[in-house]
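Everything numeric in this text was worked out from a predicted model, so none of it was measured. Basis for what follows: all heavy atoms, side chains included, without hydrogens, waters or symmetry-related copies.
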Amino acid sequence: MTRFPDQIDGTGWEYGTPVPYVRELVAYWLGEYDWRAQEARLDELDHFRTRIDDETIHFVHARSPHPDAFPLLILHGWPGSIVEFLDVIPRLTHPEAHGGRPEDAFHVIAPSLPGYGFSEPPRAAGWDIRRVARAFVDLMRRLGYGRYGAQGGDWGAQIATRLAALDAAHCAGLHLNMPIAAPPDEPLPVTEEEQAGLAAMAAFQRDEGAYAQLQGTKPQTIGLALNDSPAGLLSWIVEKFRTWSDCDGTPERCFTREQLITNVMLYWVTQTSASSARLYWETMHSGALREPPEFVTVPTGVARYPKEAVLRFPRSWVEQRYNVTHWAVMPHGGHFAAMEQPALFVEDLRTFFRSVR
């Protein structure tokens with residue numbers, strides 16, 4: 001029933017997701033995609049829901065067979081989901097089967113952010129990144145983990161940063177693939193490569209940042225459209241996976257069609273298009289992004305992926321906010337690091353957390 005719009009001849013991604021590509025994905029979704037097979041894959045993991053702060057929070061709790069495995073809270077962002085972690089969870093819980101050592105094992109806790117996936121859409125205002133961080137501190141306490149690590153990118157990085165500052169007594173280490181920073185009060189050394197990164201970040205905000213302004217100002221409006229059109233939702237999300245990843249302009253160089261559509265399905269079947277967008281509104285209107293940053297004292301590891309598109313702050317700026325003890329420049333990968341480069345992602349987690357276990 002999709003009504004596809006027109007498109008100017010000879011144009012491509014510069015106008016947004018091209019209609020011919022959306023037609024291909026829609027045809028694949030209808031004719032070849034097997035949701036039941038993807039459900040079965042998700043069901044290989046242990047899923048739970050719990051009530052925190054009057055909201056129902058979903059999380060995967062993948063325990064390693066190694067009893068002394070290190071607990072790791074791993075957090076997605078928008079437009080991602082726990083689907084981002086399906087290829088890394090087995091590597092983390094069963095390292096000896098994936099080129100690692102038993103002592104590298106993790107117990108993995110992967111929540112769906114409030115209003116995302118199988119977590120309940122918040123019924124009250126105020127669920128900004130600080131409130132989500134508090135909820136996940138409570139989650140780790142309830143699970144009995146007195147000492148744990150946290151990892152995040154996108155909103156996950158924002159939330160994990162605040163969680164590490166809030167719960168430094170129990171969060172032993174923080175790993176980020178998109179660290180948060182701000183221009184320093186006094187000039188700090190910046191390399192030519194870092195200057196290029198700042199220029200790329202400014203270009204991204206100018207040319208690609210409208211989604212955040214839209215979701216941060218009118219989430220219900222865009223939510224109504226996305227919740228009513230699976231093809232529209234697919235177009236809205238796949239465009240970000242193409243632009244923000246290390247795919248040379250072709251999404252399927254990084255992701256399979258099953259990965260792209262299954263991630264979209266976690267928004268579609270749960271009807272969380274509007275509630276996930278509201279995280280932008282809540283955070284932008286709460287002042288959380290404007291508050292003076294609290295220094296994160298826990299050891300922090302950073303993985304800098306070459307095609308990270310959203311935020312690319314210089315190391316000297318990042319070190320003004322975090323106790324950086326590990327900085328890895330990755331050879332490949334972009335914003336969706338765990339999904340794009342699962343082996344590289346896991347190996348860097350292992351390397352960093354060996355120092356803080």
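Checked against a 6.0 Å centroid threshold, the rings of Tyr280 and Trp155 count as neighbours. Between Tyr322 and Phe295, the distance from one ring center to the other does not fall under 6.0 angstrom. Aromatic ring centres of Phe118 and Phe59 lie farther apart than the 6.0 Å criterion allows.
Within the model, atoms CG of Asn227 and OG1 of Thr272 stand 8.0 Å from one another, a figure rounded to the nearest 0.5 Å. With rounding to the nearest 0.5 angstrom, the CG atom of Leu139 is 5.0 Å from the CD1 atom of Ile52. Summarising the geometry, atom CG belonging to Leu73 is positioned 9.5 Å from atom CG belonging to Leu143; distances are rounded to the nearest 0.5 Å. In this structure, NZ on Lys307 lies 15.5 Å from CE on Met330, to the nearest 0.5 angstrom. With rounding to the nearest 0.5 angstrom, the CD atom of Glu308 is 6.0 Å from the CE atom of Met178.
Between His76 and Phe85, the ring planes lie tilted relative to each other; the angle falls in the 30° to 60° range. Ring geometry for Phe352 against His326 counts as tilted: the plane angle lies between 30° and 60°, on a 0 to 90° scale.
Taking a cutoff of 4.0 Å between a charged side-chain nitrogen and a carboxylate oxygen, Glu194 and Arg304 do not qualify as a salt bridge. With salt bridges taken as basic N to acidic carboxylate O contacts below 4.0 Å, one links Asp104 and Arg354. The pair Arg63-Asp46 does not meet the salt-bridge criterion, since no charged nitrogen lies less than 4.0 angstrom from a carboxylate oxygen.
In this structure, a donor-acceptor pair under 3.5 Å is absent between the side chains of Thr56 and Arg49. With hydrogens and angles left out, the side-chain atoms of Gln151 and Asn177 include a donor and acceptor closer than 3.5 Å. Donor-acceptor pairing under 3.5 Å is lacking for the side chains of Thr297 and Asn323. Side-chain contact check for His66 and Glu96: at least one donor-acceptor pair (N or O, by modelled atom type) lies under 3.5 Å. Asp167 and Tyr148 are linked by a side-chain donor-acceptor pair at a separation below 3.5 angstrom, with hydrogens and angles left out of the test. Checking Glu258 against Tyr28 by side-chain atom types alone, a donor-acceptor pair falls below 3.5 Å. Using modelled atom types and a 3.5 Å distance limit, the side chains of Ser235 and Thr17 yield a donor-acceptor pair. Between the side chains of His285 and Asp128, not a single donor N or O lies within less than 3.5 Å of an accepting N or O.
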Quiz: residues 208-219 side-chain donor-acceptor pairs under 3.5 angstrom, not counting sequence neighbours:
{"unit_1": "Gln215", "atom_1": "OE1", "unit_2": "Trp236", "atom_2": "NE1", "d": "3.1"}
{"unit_1": "Thr217", "atom_1": "OG1", "unit_2": "Gln213", "atom_2": "O", "d": "2.6"}
{"unit_1": "Thr217", "atom_1": "OG1", "unit_2": "Leu214", "atom_2": "O", "d": "3.4"}

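The main-chain N or O of Leu113 is never found under 3.5 Å from a side-chain atom of His58 such that the two would form a donor-acceptor pair.
Contact detail for Asp246 and Glu340: the closest heavy-atom pair is N-OE1, 2.9 Å. In terms of heavy atoms, Asp154 sits closest to Gly77 at OD2-CA, 3.4 Å.
A cation-pi geometry, defined here as NZ or CZ lying under 6.0 Å from the six-membered ring centre and within 45° of its normal, does not hold between Arg350 and Phe106.
Between Asp87 and Arg91 the shortest side-chain heavy-atom distance falls below 4.5 Å.
Few gaps surround NZ on Lys240; more than 12 heavy atoms of other groups in view lie less than 6.0 Å from it.
Only one option out of Asp43, Thr262, Val83 pairs with Gln38 in a side-chain contact (heavy atoms from CB on, under 4.5 Å); it is Thr262.
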#### Entry: Candidate pair Leu224 and Asp228, rule side chain to side chain contact (heavy atoms under 4.5 Å, CB included), full reasoning
CA-CA 6 Å; Leu224 180 65; Asp228 192 53; 5.6 Å; no
